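These notes concern the structure reproduced below.
None of the values given here were measured: they were computed from a predicted structure. As the structure lists them, so they are numbered: ligands from 1, and atoms in each ligand from 1.
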Amino acid sequence: MSPPPQDVLVIGAGAAGLTASVMLARAKLRVLVVSTPNRRNSCVESVHNVPYAEGVSPQQLYGRLEETAEEYGVTLVWDEVLQAEADASGVAVTTRGGERYTADRLLLATGPIDELPPWLPEDVWGKTAFECPFCHTHEHDGKPFASVGRGLEAIGMALMSIQYATTMTAVVSDENAAGTPMAERLRQAGGIVLVDEVAAADRDAAGALTLHTKGGHEVAAGALLIPGVKKHNLRFVPQLGLELNENGGIGTTTLGQTANPRVWCAGNGSGNGPYFMWTGAAASGINAARSICEDIAFGPLLESYWTQVKKTPGDQGQKA
Ligand SMILES: Cc1cc2nc3c(=O)[nH]c(=O)nc-3n(C[C@H](O)[C@H](O)[C@H](O)COP(=O)(O)OP(=O)(O)OC[C@H]3O[C@@H](n4cnc5c(N)ncnc54)[C@H](O)[C@@H]3O)c2cc1C
């Protein structure tokens with residue numbers, strides 16, 4: 001039997017969705033979370049830079065969060081949302097399992113989509129290959145590193161991680177990048193800038209990679225950084241009539257409000273730039289939960305309330 005209409009429906013039980021759902025349920029709202037099980041970092045052995053959870057496994061981290069959500073009465077359903085609708089009468093989602101759930105408000109917390117390069121071997125993403133210079137580089141201290149990308153992002157990531165590397169090679173496809181001050185800075189720090197493209201990669205039993213470039217070079221990559229893997233998740237944008245921001249992500253205020261007054265968006269799937277990494281995604285879930293609570297409590301008085309209390313800069317940031 002389908003659950004009764006909810007106050008808030010959340011798509012995505014990751015950092016943003018679970019964090020928001022606990023806050024909403026603690027505000028005595030009926031919350032239903034529909035999610036597929038794979039979070040962005042489900043592939044890693046341990047999680048880092050998450051307060052109180054340094055070094056725990058994703059299973060431990062999400063298991064504890066799911067327990068907490070359920071303790072507060074959140075209903076958690078494992079299914080994929082295929083269709084989402086939101087108009088003046090409320091919101092509804094339809095799932096792959098054939099269920100239809102309804103609510104007053106919707107929080108999109110689907111996370112981004114990671115598009116891995118075709119040459120990346122199986123089972124190295126999240127083990128020896130990453131997008132982030134903060135999450136797992138420390139665990140690869142003392143290895144040869146490579147950073148692969150089009151241009152400045154790859155050089156920037158190399159500069160951010162060179163302190164761990166025995167050798168650091170930035171492989172960039174844009175030859176203009178090699179002549180930039182950033183490239184010079186990397187060279188001065190002891191790194192190499194190679195204008196080339198990766199054609200293939202081998203891995204050893206421990207996941208250490210050897211990159212083979214189109215130009216015939218071999219580059220050792222005990223740890224590999226690949227900036228630009230993360231793509232905006234725009235799956236529900238047309239269905240919900242959402243607007244995009246200048247970066248091509250879902251346009252939201254800093255409190256996660258979208259162009260659709262029934263819909264909020266939080267986490268790395270939103271276009272909300274400052275909220276990066278796990279704790280950033282969780283923080284944007286907190287902001288969205290706050291905004292949903294305010295929307296419910298203040299109703300049509302929301303805008304005038306903010307005008308009267310002289311909103312602080314950023315609290316009601318721009319949608320675009
Ligand atoms: C390899 C790797 C390692 C990382 N390691 C760290 C780390 O150590 N520390 C750190 O701070 N950050 C780390 N990150 C970043 C961190 O994982 C993300 O910042 C965080 O998970 C983003 O949270 P989110 O809620 O936006 O998305 P997610 O946590 O990915 O959650 C989104 C959820 O929505 C679900 N979903 C998507 N579409 C649908 C749909 N249509 N229907 C139902 N459910 C759906 C997904 O399956 C998922 O469960 C890592 C990222 C990667 C890629």
Side-chain angles (χ1 to χ4, degrees), residues 9-21 32-58 60-62 65-66 69 76-84 93-97 99 101 106-116 120 123-140 207 223-237 239-240 249-250 252 256 264-289:
L9 218 153
V10 180
I11 309 179
L18 282 175
T19 305
S21 73
L32 184 134
V33 181
V34 188
S35 187
T36 40
N38 261 347
R39 286 84 174 199
R40 271 200 91 200
N41 61 344
S42 288
C43 52
V44 303
E45 280 163 19
S46 53
V47 172
H48 302 283
N49 295 318
V50 176
Y52 296 102
E54 180 57 37
V56 306
S57 69
Q60 287 171 303
L61 178 69
Y62 293 112
L65 271 170
E66 287 163 23
L76 205 46
V77 174
W78 297 108
D79 203 343
E80 182 185 6
V81 174
L82 300 180
Q83 178 76 29
V93 301
T94 312
T95 69
R96 187 172 290 283
E99 295 291 342
Y101 301 108
L106 177 67
L107 172 59
L108 279 182
T110 58
I113 295 167
D114 288 323
E115 277 178 17
L116 303 178
L120 194 71
D123 292 333
V124 295
W125 182 241
K127 311 278 187 302
T128 50
F130 311 95
E131 191 194 32
C132 171
F134 301 109
C135 296
H136 302 278
T137 38
H138 185 275
E139 281 60 47
H140 293 280
L224 175 66
L225 293 158
I226 323 175
V229 158
K230 183 174 68 194
K231 307 291 181 216
H232 297 301
N233 189 338
L234 305 179
R235 181 172 185 176
F236 298 110
V237 165
Q239 297 174 14
L240 296 169
I250 295 174
T252 68
W264 281 254
C265 182
N268 290 170
S270 77
N272 228 334
Y275 296 110
F276 77 113
M277 288 171 65
W278 200 95
T279 306
S284 74
I286 290 285
N287 272 8

**Study point:** Parallel, tilted or perpendicular: ring planes of Phe130 versus His136, cut at 30 and 60 degrees
**Key:** parallel
Review point. Which is closest to atom 48 (C) of ligand 1 in terms of heavy atoms, Leu82, Ile11, Asn38?
Key: Asn38
Review point. Mind checking whether Glu66 and Leu18 have side chains closer than 4.5 Å, heavy atoms only?
Key: yes
Review point. What residue and heavy atom of the protein are closest to atom 52 (C) of ligand 1, and at what distance?
Key: Arg40 O, 3.8 Å
Point to revise | Distance filter under 4.0 Å to Gly267 heavy atoms, resulting ligand 1 atoms | key: 26 (O)
Revision key, fill the gap. In ligand 1, the atoms that come under 4.0 Å of a heavy atom of Asp114 are 53 (C)
**Study point:** side-chain hydrogen bond (donor to acceptor under 3.5 Å, both in side chains) partner of Asp79, chosen from Thr94, Thr36, Thr95
**Key:** Thr95
Review point. Does Pro112, backbone or side chain, put an N or O under 3.5 Å from an N or O of ligand 1?
Key: no
Review point. Would you say ligand 1 has an N or O under 3.5 Å from any N or O of Asn233?
Key: no
Check your understanding: Any idea which atoms of ligand 1 are less than 4.0 Å away from a heavy-atom of Val47?
Key -> 8 (O)
Check your understanding: Using a heavy-atom cut-off of under 4.0 Å, does the side chain or the backbone of Trp78 touch ligand 1, or both, or neither?
Key -> neither
Revision key, fill the gap. Candidates Arg39, His48, Glu131; heavy atom nearest atom 9 (N) of ligand 1 found on His48
Check your understanding: Taking distance alone, with no angle check, do Ser35 and ligand 1 share an N/O pair under 3.5 Å?
Key -> yes
Check your understanding: Out of curiosity, is Phe134 lining ligand 1, as in a heavy atom under 4.0 Å away?
Key -> no
Check your understanding: With a cut-off of 4.0 Å, which atoms of ligand 1 are near a heavy atom of Phe236?
Key -> 41 (N)
Exercise for review: For atom 44 (N) of ligand 1, grab the closest protein heavy atom and report residue, atom and distance to one decimal in Å.
Suggested key: Thr36 N, 3.0 Å
Point to revise | Ala281 contact mode with ligand 1 (heavy-atom cut-off under 4.0 Å) | key: side chain
Practice item. Would you tell me which option among Val44, Val10, Asn268, Thr279 has the nearest heavy-atom contact to atom 18 (C) of ligand 1? Key: Asn268
Exercise for review: Could you tell me whether the side chain of Thr128 reaches within less than 4.5 Å of the side chain of Glu139, counting heavy atoms only?
Suggested key: no
Exercise for review: Compare all side-chain heavy atoms of Ser35 with those of Leu76 and state whether any distance is below 4.5 angstrom.
Suggested key: no
Review point. Does ligand 1 have any atom sitting under 4.0 Å from a heavy atom of Phe130?
Key: no
Check your understanding: Should one rank Asp79, Leu61, Val81 by closest heavy-atom distance to atom 42 (N) of ligand 1, which comes out on top?
Key -> Val81
Practice item. Return a yes/no value for Ala15: is any of its N or O atoms, backbone included, closer than 3.5 angstrom to an N or O of ligand 1? Key: yes
Exercise for review: Mark up the atoms of ligand 1 that fall under 4.0 Å of a heavy atom belonging to Val34, in ascending order.
Suggested key: 43 (C), 44 (N)
**Study point:** Subset of ligand 1 atoms that lie under 4.0 Å from at least one heavy atom of Gly126
**Key:** 1 (C)
Check your understanding: When you look for heavy atoms under 4.0 Å from ligand 1, do you find them on the side chain of Trp125, its backbone, both, or neither?
Key -> side chain
Review point. If we only count heavy atoms from C-beta on, is the Leu120 to Leu224 side-chain gap below 4.5 Å?
Key: yes
**Study point:** ligand 1-proximal atoms of Cys43, by part, heavy-atom distance under 4.0 Å
**Key:** side chain
Check your understanding: Quick one: does Val81's side chain get under 4.5 Å of Thr110's, heavy atoms only?
Key -> no
**Study point:** Proximity flag Thr95 to ligand 1, non-hydrogen atoms under 4.0 Å
**Key:** no
Revision key, fill the gap. Under 4.0 Å between heavy atoms, the region of His136 that gets near ligand 1 turns out to be side chain
Revision key, fill the gap. d(Trp125 CH2, Leu116 CG) to nearest 0.5 Å is 5.5 Å
